[in-house]
Novice: 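Encoded as structure tokens, here's the structure I'll be asking about.
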Amino acid sequence: MTVPLLSSPFTAEIADAVSALNAARSAWRERQAGRQAVTRFPAPDALALAVQHLSAALFPARLGGFRGGAAREDDFVADQLGRALAILREQIASELDYWQAECSQAFDEDQPDTIVRLFAAALPEIRALIDADVEAAFVGDPAARSVDEILISYPGALAILHHRIAHQLFALGAVIVARLVSELANARTGIDIHPGATIGPSFFVDHGTGVVIGETAIIGRNVRLYQHVTLGARSPLGLAPAGPRERFQRHPIVEDDVIIYAGATILGRVTIGRGSIIGGNVWLLDNVPAGSVVVQPGAVRLDDDAGNHVSARLKEHRA
């Protein structure tokens, strides 16, 4: 069926683009031989609305704008949850339809409902974790005037709220829905946390822009990261770009009470021991014992005989 073109000064250009895009789609589908055409897929805009309703249910006054008094608060929360869970159910059903092409057996018809029910049961735990994260930020940042300021305005708080939601969805099998939720926070904050990452309570990302935390990273209790920290994977030598997507443990383990300063890059399945401090711009590929301090070489001022500054040399310090 040919769709008539709307009146436009670019009629010829539109016709050419339509034809070229048709060819591009055909070429893509040939390269994806064996996969069924996508008919349903989770929608970022719908999930953004779901997270908005979930945030309001978790924090009615601060993130939901509720001002109706304590007697009506539960009704407000119930309404917000009803809206959020209905959207989640639809988006999870779309994801399962997409994955059905990869499976030899059909999903249970009530699988989306089961995931949503289990997710709803985890909401009190999610709320408790976010409370601990916000309290850790208040303790760790002297510039913070109140915990409420942190929850409503700190990019790290926004990112970890999305992660707590996304991680639960990821664990329940809605992996694309979870990834989209995490990317909503990434788009707003520049903090990229894979929903598969396991993060303990009282987690604080200060400033945050450029932070990357990979899928199999494990982070303990009371850990603080600064901007541009990467907890990433090392690319295995000889791995073909088109090879199988193996789910191996490839990101760092950060134990309790660790501080990692701005720009540090930690790659591979290494362990940063409890209570360690990792300085700014450090590049780490090896385990760090508990209680270590690892820093870059420091600049030392050099003067000539007349007392004039001439250059700087580097002095290594590692304890």
Side-chain angles (χ1 to χ4, degrees), residues 41-66 80-81 83-85 87-88 90-92 94-95 119 123 126-127 129-138 140-141 143-170 174-199 201-215 217 219 223-232 251 260 262-264:
F41 202 70
D45 288 346
L47 288 168
L49 183 58
V51 172
Q52 180 180 332
H53 289 309
L54 284 172
S55 299
L58 289 166
F59 301 96
R62 288 175 287 175
L63 298 182
F66 175 71
Q80 294 297 314
L81 280 180
R83 296 170 187 267
L85 298 182
I87 296 171
L88 278 179
E90 178 64 22
Q91 297 306 306
I92 291 168
S94 294
E95 176 173 346
F119 174 78
L123 285 170
I126 290 173
R127 163 69 199 236
L129 285 168
I130 297 169
D131 284 343
D133 298 327
V134 170
E135 289 170 344
F138 183 68
D141 185 4
R145 297 296 190 270
S146 73
V147 290
D148 299 318
E149 174 193 4
I150 290 166
L151 179 64
I152 66 176
S153 67
Y154 274 41
L158 177 68
I160 195 62
L161 182 149
H162 279 71
H163 176 73
R164 299 300 186 191
I165 292 170
H167 182 70
Q168 189 63 41
L169 290 167
F170 187 89
V175 295
I176 295 177
V177 167
R179 190 61 183 262
L180 289 174
V181 169
S182 71
E183 288 306 311
L184 293 171
N186 186 12
R188 289 182 58 183
T189 68
I191 299 171
D192 183 1
I193 307 176
H194 192 286
T198 300
I199 301 178
S202 301
F203 179 64
F204 176 32
V205 179
D206 200 354
H207 305 295
T209 303
V211 165
V212 176
I213 301 174
E215 176 187 14
I219 298 175
V223 169
R224 186 192 313 175
L225 307 183
Y226 287 82
Q227 66 271 22
H228 296 288
V229 166
T230 296
L231 303 180
H251 298 99
I260 306 177

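In this chain, numbering begins with 1 at the start of the sequence shown. All values reported here derive from a predicted model rather than from experimental measurement.
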Novice: Which heavy atom in Leu88 sits nearest to a heavy atom in Val177, and how many Å separate them?
Specialist: CD2-CG1, 4.3 Å
Novice: Considering non-hydrogen atoms only, spot the tightest contact between Ile87 and Ala50 and give its length.
Specialist: CG2-CB, 3.7 Å
Novice: Measure the CD1-OG distance between Ile176 and Ser94 for me, rounded to the nearest 0.5 Å.
Specialist: 10.5 Å
Novice: Taking the side chain as C-beta and beyond, is there a heavy-atom pair between Thr189 and Thr209 under 4.5 Å?
Specialist: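 Of all side-chain heavy-atom pairs linking Thr209 with Thr189, none is under 4.5 Å.
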Novice: Mind listing the closest non-hydrogen atom pair of Pro42 and Leu180 along with its distance?
Specialist: CB-CD1, 3.7 Å
Novice: Show your working on side chain to side chain contact (heavy atoms under 4.5 Å, CB included) between Phe41 and Gln91 and close with a plain yes or no.
Specialist: CA-CA 7 Å; Phe41 202 70; Gln91 297 306 306; over 6 Å; no
Novice: Just so I know, are the side chains of Ile219 and Thr198 near enough to count as touching, which here means a heavy-atom distance under 4.5 Å?
Specialist: no
Novice: Which atom pair, heavy atoms only, marks the closest approach of Ile150 to Ala144?
Specialist: CD1-CB, 3.7 Å
Novice: Are Asp141 and Tyr154 linked by a side-chain donor-acceptor pair shorter than 3.5 Å?
Specialist: yes
Novice: With rounding to the nearest 0.5 angstrom, report the CG to CZ distance, Leu161 to Arg127.
Specialist: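 Going from the CG atom of Leu161 to the CZ atom of Arg127 covers 10.0 Å.
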Novice: When the ring planes of Phe170 and His194 are compared, do they come out parallel, tilted or perpendicular, using 30° and 60° as the limits?
Specialist: perpendicular
Novice: Closest approach of Ala185 and Leu158, non-hydrogen atoms and distance?
Specialist: CB-O, 4.4 Å
Novice: To the nearest 0.5 Å, how far apart are NE2 in His167 and CG in Leu129?
Specialist: 9.5 Å
Novice: Evaluate the side chain to side chain contact (heavy atoms under 4.5 Å, CB included) criterion for residues Ile152 and Leu63: first the C-alpha distance (whole Å), next the side-chain angles of each, then the deciding distance (0.1 Å), finally the verdict.
Specialist: CA-CA 7 Å; Ile152 66 176; Leu63 298 182; 4.0 Å; yes
Novice: Within a strict 4.5 Å, meaning less than it, do heavy atoms of the Leu81 and Leu123 side chains meet?
Specialist: yes
Novice: Quick one: pull up NE2 in His163 and OG in Ser182 and give me the separation to the nearest 0.5 Å.
Specialist: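 Rounded to the nearest 0.5 Å, the NE2-OG separation comes to 9.0 Å.
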Novice: Roughly how far, to the nearest 0.5 Å, is CG of Leu54 from CZ of Phe59?
Specialist: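 Result: 11.5 Å between the selected atoms.
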Novice: Would you say Val51 and Leu184 make side-chain contact, with heavy atoms under 4.5 Å?
Specialist: yes
Novice: Quick one: does any side-chain atom of Asp133 pair with a main-chain N or O of Ser202 as donor and acceptor, under 3.5 Å?
Specialist: yes
Novice: Using the side chain to side chain contact (heavy atoms under 4.5 Å, CB included) rule, pick out the option among Val229, Asp192, Leu225 that qualifies with Ile213.
Specialist: Leu225
Novice: So, do Phe119 and Ile165 sit near enough that their side-chain heavy atoms are less than 4.5 Å apart?
Specialist: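 Yes - at least one pair of side-chain heavy atoms lies under 4.5 Å apart.
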Novice: Taking all heavy atoms of Ala166 and all of Val181, pick out the closest pair and write down the distance.
Specialist: CB-CG1, 3.9 Å
Novice: Mark yes or no for whether Glu95, through its side chain, and Val175, through its backbone, hold a donor-acceptor pair below 3.5 Å.
Specialist: yes
Novice: Kindly say whether Ile126 contributes a backbone atom to a donor-acceptor pair with the side chain of Gln168 at under 3.5 angstrom?
Specialist: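 Such a contact is absent between Gln168 side chain and Ile126 backbone.
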Novice: Quick check against the 3.5 Å criterion: does Glu149 have a side-chain atom that pairs as donor or acceptor with the backbone of Arg145?
Specialist: yes
Novice: How long is the straight-line distance from CD1 of Ile130 back to CG of Leu151, given to the nearest 0.5 Å?
Specialist: 8.0 Å
Novice: Return yes if some donor-acceptor pair links the side-chain N/O of Thr230 with the main-chain N/O of Gly232 below 3.5 Å, else return no.
Specialist: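 Between the backbone of Gly232 and the side chain of Thr230 there is no qualifying donor-acceptor contact (under 3.5 Å).
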Novice: Kindly determine whether His162 and Arg188 satisfy side chain to side chain donor-acceptor pair (under 3.5 Å), including the steps that lead there.
Specialist: CA-CA 11 Å; His162 279 71; Arg188 289 182 58 183; 5.5 Å; no
Novice: Is any side-chain heavy atom of Ile260 less than 4.5 Å from a side-chain heavy atom of Leu231?
Specialist: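 Side chain of Ile260 against side chain of Leu231, heavy atoms only: contact under 4.5 Å found.
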